[in-house]
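For ligands, and for the atoms within them, numbers begin at 1 and follow the listed sequence.
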Amino acid sequence: MKPRMRIQVINPNTTASMTAKIAAAARLVASPGTDIVATQPDEGPVSIEGYFDEALSVPGILEEIARGEGQEIAGHVIACFDDTGLDAARCFASAPVVGIGEAAYHMASLVAGRFTVVTTLARSIPALEHNLVRYGLASRCGGVRAAEVPVLALEDPHSSARDRVSGEIDRAIRDDRAEAIVLGCAGMADLARSLSAEHGLPVIEGVSAAVRLIEDLSVMGLSTSRIGGWASPRRKPLSGRYAVFSRAS
Ligand code: 5HY
């Protein structure tokens, strides 16, 4: 029997119901021998909606990675579509780190010539557009759209969130010539299959994509390169709450 693989999936916000939803999406695609350890920071924003929330969530992400390191983790998923703290996490973590945004973009590019991203609020759009450029996939994206739903509306079954996302998908197909849709929020992780069936095109959500990619990296024996920007942190005094991040380089 092959040894079990353990993947830590981190919800960078502090909303437990979203962490549970993310965990369910991860377990739906994880291989039989893979354990999903879903976590969220003890402190931080209840949802991440733009640059300010992103910044506040990064220490908590790194604290969760530090906690995971002692559990023989094969890799870490950052389950926030902005890929919040991804670069810092890759420097800090010993195991590979995959962001759900980057993972979803790459998966979409394998099944469609053009994809559109549907996220929550317009304030999140520039960060996602920047990531697409950074990842080299902007040319494959027909647009980043906002359904104009607050992140936590996705946790309310009585909200119009799903209908608003579905309406944006209709407009993406009509106006962007979208051949696939990327769901631009971890809180949409439970909507991909039903929206795909409803609209008749691939709908990709990043939690599943990231879990599969971590499994593949682990099986291929690949981990983060340390000879460039993701080099391990240099040893230096870290004071106060950041002392927990001190480690040998
Ligand atoms: C996310 N916010 O995936 C992002 C996406 C967004 O709390 N989880 C969040 O809507 O900005």
Applying the side chain to side chain donor-acceptor pair (under 3.5 Å) test to Q40, which of N11, T19, T15 qualifies?
T19
Of A186, G187, A127, A189, the one whose closest heavy atom lies nearest atom 3 (O) of ligand 1 is A186
When you group the ILVMFWY residues by side-chain heavy-atom contacts below 4.5 Å and let the links chain together, are F92 and I10 in the same group?
yes
Applying a heavy-atom cut-off of 4.0 Å, say which part of D82 lies close to ligand 1: side chain, backbone, both or neither.
side chain
V151 and ligand 1 - part of the residue with a heavy-atom distance under 4.0 Å
side chain
Hey, mind stepping through R4 and T34 against side-chain contact (heavy atoms from CB on, under 4.5 Å) and telling me if it holds?
CA-CA 6 Å; R4 297 190 69 83; T34 296; over 6 Å; no
Tell me the protein heavy atom at minimum distance from atom 2 (N) of ligand 1, and give that distance in Å.
I48 O, 2.6 Å
Over 60° means perpendicular and under 30° means parallel, so tell me whether F81 and Y105 are parallel, tilted or perpendicular.
perpendicular
Pair S159-R164, side-chain hydrogen bond (donor to acceptor under 3.5 Å, both in side chains): steps then yes or no
CA-CA 10 Å; S159 80; R164 296 181 66 88; over 6 Å; no
Run the salt bridge (Lys or Arg N to Asp or Glu O under 4.0 Å) test against D175 and tell me which residues pass, sequence neighbours left out.
R145
Of all the atoms in ligand 1, which lie at a distance below 4.0 Å from a heavy atom belonging to S124?
11 (O)
Quick check on contacts: which atoms of ligand 1 are under 4.0 angstrom from a heavy atom of T120?
6 (C), 10 (O), 11 (O)
Is S47 near ligand 1, meaning one of its heavy atoms is under 4.0 Å from it?
yes
Judged by non-hydrogen atoms, does G184 sit under 4.0 Å from ligand 1?
yes
